[in-house]
Amino acid sequence: MVLRIVKYGDPVLETKAKPVTEFGTPELRQLVDDMFETMYANKGIGLAAPQVAVSERLAVIDPSAGEDPNSKLVLINPEILVKEGSQIGEEGCLSIPGFREDVKRAYKVRLRARNADGEYYETEGEELLSRAMQHEIDHLNGVLFLSHLSLLKRDLIRRKIRKLVKAGEWE
Ligand code: NI
């Protein structure tokens, strides 16, 4: 099922999400499936549970955008272990549609997470995958990519969004 994605302005996006405590349940599997479906339907490469109004530490990522089933990643209660280097690249967010800006991120990250069965695993990513991992883990901490921009750029985007809200174009 494609879920509704909440947009910037909803407090759930700026709330630190709670760890997942129950694994292997039909509810958790359904949520993971629905999150992939929602992400693909919106042509995203990452989606965090708070973006579908579930304040839990869960995110899905697929840098191939559905082309390669082996690139699907489920991050539950993820923790970044190592960050290396830096990269600057354009970033967007399904909760802030229409706005893309350059964001500085670590070039490479190594992380530890659990899968839907609760099994721990470690994985690493570079470039786009690393960027997606950092962006999604930020979401679990209530942090949006806007926080990584200069105050000037952030205020400009906020003003534009306020206008869209007033015009009823930010639902
Ligand atoms: Ni996002």
Side-chain angles (χ1 to χ4, degrees), residues 1-20 28 31-67 71-80 83 86-109 111 113 116 123-151 153-162 164-165 169-171:
M1 186 175 64
V2 175
L3 306 171
R4 196 179 81 88
I5 294 181
V6 298
K7 293 214 174 95
Y8 176 69
D10 189 313
V12 73
L13 292 174
E14 292 176 88
T15 301
K16 191 175 157 97
K18 292 196 173 66
V20 173
L28 184 60
L31 178 59
V32 168
D33 285 351
D34 289 347
M35 282 176 61
F36 273 114
E37 204 179 326
T38 304
M39 179 179 78
Y40 293 138
N42 288 279
K43 300 189 182 351
I45 60 161
L47 185 70
Q51 294 183 275
V52 292
V54 176
S55 195
E56 293 183 16
R57 305 186 75 76
L58 158 62
V60 296
I61 292 176
D62 180 356
S64 83
E67 294 296 312
S71 71
K72 289 172 83 173
L73 264 182
V74 177
L75 306 183
I76 304 182
N77 303 344
E79 282 175 78
I80 291 181
K83 284 187 181 183
S86 70
Q87 57 172 327
I88 294 173
E90 215 180 52
E91 213 167 295
C93 179
L94 294 177
S95 294
I96 314 173
F99 296 93
R100 296 184 69 81
E101 291 291 340
D102 277 349
V103 178
K104 188 179 177 190
R105 298 283 188 184
Y107 178 78
K108 181 177 172 179
V109 294
L111 61 81
T123 188
E124 53 186 37
E126 292 180 356
E127 298 182 8
L128 182 63
L129 176 56
S130 166
R131 176 175 297 284
M133 287 167 163
Q134 293 168 80
H135 179 109
E136 299 315 324
I137 291 173
D138 265 0
H139 270 301
L140 307 183
N141 293 321
V143 174
L144 300 168
F145 84 88
L146 300 182
S147 307
H148 296 281
L149 306 179
S150 69
L151 206 58
K153 273 191 180 160
R154 205 186 312 162
D155 282 348
L156 189 65
I157 292 176
R158 281 199 185 128
R159 272 207 298 278
K160 286 181 179 168
I161 292 174
R162 229 173 282 141
L164 291 170
V165 171
E169 289 165 15
W170 195 257
E171 295 303 314

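Scope of the values below: all heavy atoms of this structure, side chains included, with no hydrogens, waters or symmetry mates. Not measured: the values here are computed from a predicted model. All ligand and atom numbering here is 1-based and tracks the order in the structure.
In this structure, Lys83 places its NZ atom where only 12 or fewer heavy-atom neighbours from other residues, nucleotides or ligands lie under 6.0 Å away.
Around the Ni ion (ligand 1), the protein atoms of type N, O or S found under 2.8 Å away are Cys93 SG, His135 NE2, His139 NE2, listed by chain and number.
Taking the side chain as every heavy atom from C-beta outward, Val74 and Leu58 approach each other to under 4.5 Å. Within the 4.5 Å cutoff, no side-chain heavy atoms of Gln134 are placed close to those of Val103.
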Atom pairs and distances, donor-acceptor, side-chain atoms in residues 11-20, under 3.5 Å, two or more places apart:
{"from": "Thr15", "atom 1": "OG1", "to": "Pro11", "atom 2": "O", "distance (Å)": "2.7"}

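Residues passing the side chain to side chain donor-acceptor pair (under 3.5 Å) test with Asp138 are Arg105, His148, sequence neighbours excluded. Gln87 is linked by a side chain to side chain donor-acceptor pair (under 3.5 Å) to nothing, counting only residues two or more places apart in sequence or in another chain.
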